[in-house]
> 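This is the structure, below, for whatever I ask next.
Hydrogens, waters and symmetry mates play no part in the numbers below; they use all other heavy atoms, side chains included. As the structure lists them, so they are numbered: ligands from 1, and atoms in each ligand from 1.
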Amino acid sequence: MTATVIALPVNQFDHFYRGGDRIGALRHGPGGPSRPEEWIGSTTSRFGQAPQGYSVLPDGRLLVEVIDEDPVVWLGAEHVARFGSSTEVLVKLLDLGQRLPVHLHPNRAFSKTHLGLSHGKTEAWYVIDAPVGAEVGVGFKNAMTLDQVSSWVRERDSEALLSSLQTKVVHPGDAMLVPAGLPHTVADGVFVLELQEPTDLSILLEWQGFAVDGAKDGHLDLGFDIALQAVDLSAVTAADLDQLVLPAAQIQSAGLVSVLPAQADPYFRAQRIDTSGGPVGVTAGFSIVLVTEGQGVLVTNLGAFEVAHGDVVLVPFVAGYWKLEGSCVAVACRPPDANAPDGR
Ligand SMILES: [Zn+2]
């Protein structure tokens, strides 16, 4: 198949926590009650459960195979020279019908040592919707010892874990980076577009009340003694969290705005595109574009494609410099720049 701009069908599946109706409404999917995630333009499989997670194109082929066959066309020569045929990014919609259990993701050094993988899982959230006052918890307020965290996990002490986290209220339109290693939770009712490194590596610190057996599936098959070495035990202040957030007021303007702090640059890019001031041009490169408002036309070297609220389109490198016209807002999720600094 020749690379072209492709509208992606919805890719929701069953998971251990509740939610998913807003994904169904936005993306014409099956909705909930236990399909809180959509993996979008995914070349990543679920941990130990391939091919689950991979995006299937409308012609029935897996995106990961299509890109592997011709990575330069999809990703560009510079990207391939630096990163090979990896898209470097996993994009999801997360519609929480219950609080996310406190968990964390390993960094690259841990993944390499213990799992033989080149990626960890730094992630970022672009908030589509959130109840008033909804909080996220990210990182420990006070520096912790591994013994203390281990005993909370062993004793299933969710209350102690939750009250140990630094918290921040999030609003629709905010964006936040969550560096690998930091334990985190997100309140019930929050709906985010999520960017992550392309792995499915989660370590659970609690699982009481969730339909998952953390003792079996919460430690990446490493056992908690090793898995908990991935936890960032350092103290995170309110000011530290502020550094990781770009508030809606700073992001919501006409044109193209980068929605993540510079600390995200080694991992991925997210660009908000708002045509209220006229057509917006975007540099060539692989992009996963979610239209969050209105409708418009994506004008590329390969033709013009109509898009509307809820659509997701894959834009290959060969589409060239492209423009979004019309009356819409979209978020383009992209790999890091080919010259980005190394991640950790
Ligand atoms: Zn996470």
> Would you find more than 12 non-hydrogen atoms of other residues, nucleotides or ligands less than 6.0 Å from Q52 atom CD?
yes
> Does the side chain of D200 come within less than 4.5 Å of W39's, by heavy atoms?
yes
> Write down the atom of K141, the atom of S163, and the distance for their closest heavy-atom approach.
NZ-O, 3.0 Å
> Report the protein N/O/S neighbours of the Zn ion (ligand 1) that fall below 2.8 Å; do not count waters.
H103 NE2, H105 NE2, E123 OE2, H184 NE2
> Going by the rule salt bridge (Lys or Arg N to Asp or Glu O under 4.0 Å), which residues pair with E194 if we only count those two or more places apart in sequence or in a different chain?
none
> Strictly below 4.0 Å, N to O, side chains only: are E69 and R61 in salt-bridge contact?
yes
> In Å, rounded to the nearest 0.5 Å, how long is the span from CG of L162 to CZ of R99?
4.0 Å
